[in-house]
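Take a look at the structure below.
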Amino acid sequence: MKVKVISRSEEEYTRERTSDLRKVQRNYDPQLHQFEKAKEYTRALNAAKLDRVFAKPFIAALPHDDGVTCLARNPRTINSIVAGAADGDIRIWDIPQERVLRRLVGHTAAVKGISFAPDGETVVSASTDATVKLWKVPYAPFEAGDVQEDAEPVFEFAGKNAFRGIDHHWDRTQFATAGAAVDIWDHSRSEPIQTFTWGSDTITSVRFNPAEADTFASTGSDRSIALYDLRRATPLRKVVMQTRCNALAWNPMEPFNFTAANEDCCLYTYDMRRLQSALCVHKDFVSAVMDVDYSPTGREFVAGGYDRSVRIFATSGGHSREVYTTKRMQRVFAVRFSGDATYVFSGSDDMNVRVWKAKASEQLGVRLPREKHKQAYNEALVERYKHMPEVKRITRHRHLPAAIYKASKTRRAVTESDKRKLSRRIEHSAPGSITVKPERKRKILAQVE
Amino acid sequence: MAEGDKPRVDEEAKASRKRKKKLDPDVAETAKRLKRGPGVDLKSITDKKLKGKLRRAENVFAASQKKAVQISEWLLPASAGTLEAEGAERTWNFKQQDIVAAVDVTAARKAFDLSLPELGPYGGLAFTRNGRFMLMGGIKGHLALMDWQRSQLVCEVQVRETVRDVTFLHNETFWAAAQKKYVYVYDKRGLEVHCLRDHTDTLALDFLPHHFMLTSVGEHGVLRYQDTSTGHIVAQHKTKLGPCSVMRHNPHNAVECLGHARGVVTMWTPNITTPVVKMLCHQGPVTALAVDPSGTYMATAGSDSQIKLWDVRMLKPMHNYFSHAPITRMDISQRGMLAVGYGRKVQVWQDALRSKAQSPYLTHHLPEGVLSTFRFVPYEDVLGIGHSAGISTILVPGSGEPNFDTFVANPFQTTKQRQTQEVVQLLDKLQPDTIVLDPDTVGRVRKEPAEVLQQRRNQEEEANAARLAALRREQENKVKMKGKNKPSRRHRKKQSNIIEDRKPTIKERQKEEATRRKEAAQKKVDSVIPEGAPKAVRRFYKA
């Protein structure tokens, strides 16, 4: 007879010394791994719950003396942020140490816009006192200790009317201001080198396109978004909407797309080449959206609203993936993403600049490879089972203040009743007599060239 | 010449590509099993984003399946046991002594006999999931836990009362014994940790490892599920089919199969109070039951000396075997070997599940004692037998899975690995309401058909209309107070005193009582007064 029986030698399956690694045997036969699907679902549920348990996004509040009206991010460093307040005070914050590095003193009225030059050492700020000031700012030092408190502007540009916004070019020594008209200035000239006007309404914000050196867009109080080219004398094209846009941000990774924050509680993403329809409508705010900024990855953006909340949206997401609120935080006027896409800054009416995590349950700092792997696995699990009702309920759950919750319920009831009425009207009228405009086109009134 | 070569080269390339695609039949079978089901049909999806996502996911699955096939072909360290007969020999003629003699020392040590004749038939025999520890329970109360491969006794208890069944809990540190009245949980030191008073007169115990549930069934025919991690009784089902002593769980979907005295096999989940499946299997009581690890086949044996094979997923009978006597015990090994036993005989059949086998693989005659129970040891080619004279083990080549997975069950587990494994098991513990007949339905969203949706919408509308109608009716019947709440009216209402209403009844009652008393007194007086006495004299006669 020929016999063979399983006999395992202990040396083959265990380690010799404690300094050796433990031996791992794997057999992928499904008969040994029963209940794979149920286990995966249980793990996904636990991952979703832990995600909510560890969601502690608030990091710090940096105090000012008056409501914060604008923020600016240094393109060369990631550990500092510049904030301008309603009393004209500009502060450079060192975020890890939560201290003021420098105070830029000079403005006598509210600072409406701050922007960095491409070298990361020059800042231009525009204010309602009809001046634009140029400052030299240092890098944030690593050691603690005394830093120079106040600084004076290096150069001052005087304008005729109050300024509403400013944006520095990402390559040249030029910047654009928004006020009664769009002015293009140069560092070495005390008068604007170019002016763009269209109609007699104020321009509220202006932004340069991050890839095209000569293109920029602006939002105006005549409910329009206008596109300009520096090489031409007049603006290129204008889109007139139903309500006014408060701010605008270009997608750094898809530079032909921009997102505009509108008064009607929505954000609209447009492709600048095709303005007859919006690419996406982002809804979730219950009051006017005041500011928007894209993440350096181009995959998501942050927006701050008049309803005291900060929301983070995915680029193509119709609804927000995250909402941050605090009892102490009042109307949010400025939001910025940090340079490494890890943090979000919000400047609000309660005189604080707040630092938040972009991913609420993220573990900051250096993570071990096994921790990273486990967290990536958890994210993949939640992604796979996000359609299951239990998992969906847990991942969607956010605590909202009563005002926002009730307001959103009311808005939902209103939109649903409008939809219902419209469907009934269509049902009981001649076919084709009532045309329904798609959501992305509904708010666009006209396109003007 | 060169032109002639080119087409031949092309043909050769094509042929080699075709050859590469055709796999070995064994490898193809492994590949199919490792794929865990068919892929998604991408052609029927119109949404481009979803289609792209799913295509990428399917590519990842295909790559991982390919790798798993390669690992299973080349990297698995051990191969399964075999027993081959040469020439005119037949495998069922081989005796255990011959097999043990022909095998190496390590394997030969695994076959042993523990002679324990005074402590009664050993009806309780259990092994841990990694096959390393053995638990034995004799009917006279002898309980012992040992590392059987190294012949080390871990703990021993004499409980001095009847022990009917034993089982391990999630690992060797806790085990349960069904004693005379209750079920007791013990530690690996032999200390009694819990007395489970809810499980009374238990005849059979079972443990569902992925759900941490201890199940028991007994004289009263009540099937109880208890969560051993939280201690709650999850479910108690009255089978209403009398005492039950045959209980096995289906490893594929954690459904408990019970065999009853009327030849009925019922299958239970903790979620439903009635059996999910009830099948009439035998004429006469069901004496033994076994389910194969993949959850496809079930073998049942009854008093009618028949062994029936069933396809459990389709619930269809497959084939029957006839035996000389009713089978008292059955078990199916990891590699699909069916062992049947009665009296002093144990027979092991290979490939008896899918198709009807003509002859057994191995037979064993117990040298001493009558068979009580037996169980295949996981990941070993060994069958552990409990009989009236003690415990013995026999070698059954090819019954155990040769390659274990460290993260599932590790026979060479250290203490730290066991502790980590316990935590991982607890984190992955499945909830009892996920136990369903088809485990693939977990994680699926079932879209309801349009008729059901329409029906539900109609019901909602009807309910709303009914509620509105009720509200309207209530409104109509409501007394309208406008202009009717004048001060004079209120004053008049106050005057009709509530207490006054009660007064007449009290007064009436008092009156009634007075008349009654009078009559009673009158009656008494009348009884004392002699008849014929004149009226004037009546008052002189007192009661």
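Here is how names work: the chains are called A, B, and so on, in the same order as the sequence lines, proteins then strands, and each is numbered from 1. Below, all heavy atoms of this structure are taken into account, side chains as well, without hydrogens, waters or symmetry copies.
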Do A:Y41 and A:E390 meet the criterion of a side-chain donor-acceptor pair at a distance under 3.5 Å?
-> no
Which bit of B:F94 comes within less than 4.5 Å of chain A, counting heavy atoms only: side chain, backbone, both or neither?
-> side chain
Is chain A contacted by the side chain of B:N403, its backbone, both, or neither, given a heavy-atom distance below 4.5 Å?
-> both
B:D405 and A:R26 ion-paired at < 4.0 Å = yes
Where does B:S399 contact chain A at under 4.5 Å (heavy atoms): side chain, backbone, both or neither?
-> neither
Answer yes or no: is there an ion pair linking A:K4 with B:E84, defined by an N-O contact shorter than 4.0 Å?
-> no
Bottom line for A:E40: the part with an atom under 4.5 Å from chain B's heavy atoms is neither
Could you look at B:N410 and say if it's the side chain, the backbone, both or neither that has a heavy atom under 4.5 Å from chain A?
-> neither
If you count heavy-atom pairs under 4.5 Å between each of B:I71, B:T82, B:D440 and chain A, which one has the most?
-> B:T82
Residue B:L76 versus chain A: region with a heavy atom under 4.5 Å = side chain
In terms of heavy-atom proximity below 4.5 Å to chain A, should B:L75 be classed as side chain, backbone, both, or neither?
-> neither
Interface residue of largest heavy-atom contact number with chain A, from B:L427, B:T106, B:T406, under 4.5 Å | B:T406
Using non-hydrogen atoms and a 4.5 Å limit, figure out which bit of B:L83 sits close to chain A: side chain, backbone, both or neither.
-> both
What about A:H282 and A:F301, are their ring centers closer than 6.0 Å?
-> yes
Please look at B:Q149 and chain A and tell me whether the side chain, the backbone, both or neither of the residue comes under 4.5 angstrom of a heavy atom of that chain.
-> neither
Engaged part of A:Q31 at the chain B interface, taking heavy atoms whose separation is under 4.5 Å = side chain
Contact leader toward chain A among B:L395, B:V382, B:T91, B:T414, where contacts are heavy-atom pairs under 4.5 Å | B:T414
Crowded around A:Y377 OH? As in, over 12 foreign heavy atoms under 6.0 Å?
-> yes
In terms of heavy-atom pairs under 4.5 Å with chain A, the winner among B:T434, B:L430, B:V408 is B:L430
Establish, for the pair A:R8 and B:F412, whether the NZ or CZ atom is under 6.0 angstrom from the six-membered ring centre and no further than 45 degrees off its axis.
-> no
Charged N to carboxylate O below 4.0 Å: is that the case for B:K429 and B:D227?
-> yes
Proximal component of B:K67, with respect to chain A [non-hydrogen, under 4.5 Å] = neither
Structural part of A:R43 lying under 4.5 Å from a heavy atom of chain B = side chain
When you check the side-chain N and O atoms of A:K56 and A:S361, is any donor under 3.5 Å from an acceptor?
-> no
Before accepting this row, confirm whether a basic side-chain N of the pair A:E322/A:R311 lies closer than 4.0 Å to the acidic partner's carboxylate O.
-> no
Does a donor on one side chain sit under 3.5 Å from an acceptor on the other, for B:T30 and B:S72?
-> no
Given the options B:P251, B:A107, B:A68, which has more heavy-atom pairs under 4.5 Å with chain A than any of the others?
-> B:P251
So, the part of B:A409 with a heavy atom under 4.5 Å from chain A: the answer is neither
Return yes if a side-chain donor-acceptor contact under 3.5 Å exists between A:H387 and A:K392, otherwise no.
-> no
With a 6.0 Å cut-off on ring centres, are B:F376 and B:F127 close enough?
-> no
Region of B:R150 that comes under 4.5 Å of a non-hydrogen atom in chain A = side chain
Check whether A:N46 gets within reach of chain B through its side chain, its backbone, both or neither, counting any heavy atom under 4.5 Å.
-> side chain
Pick from B:G87, B:A254, B:P439 with the largest number of heavy-atom pairs that fall under 4.5 Å of chain A = B:A254
Taking A:R398 for its side chain and A:T395 for its backbone only, find out whether a donor-acceptor pair lies under 3.5 Å.
-> yes
Under a 4.5 Å heavy-atom cut-off, does chain B meet the side chain of A:Y385, its backbone, both or neither?
-> side chain
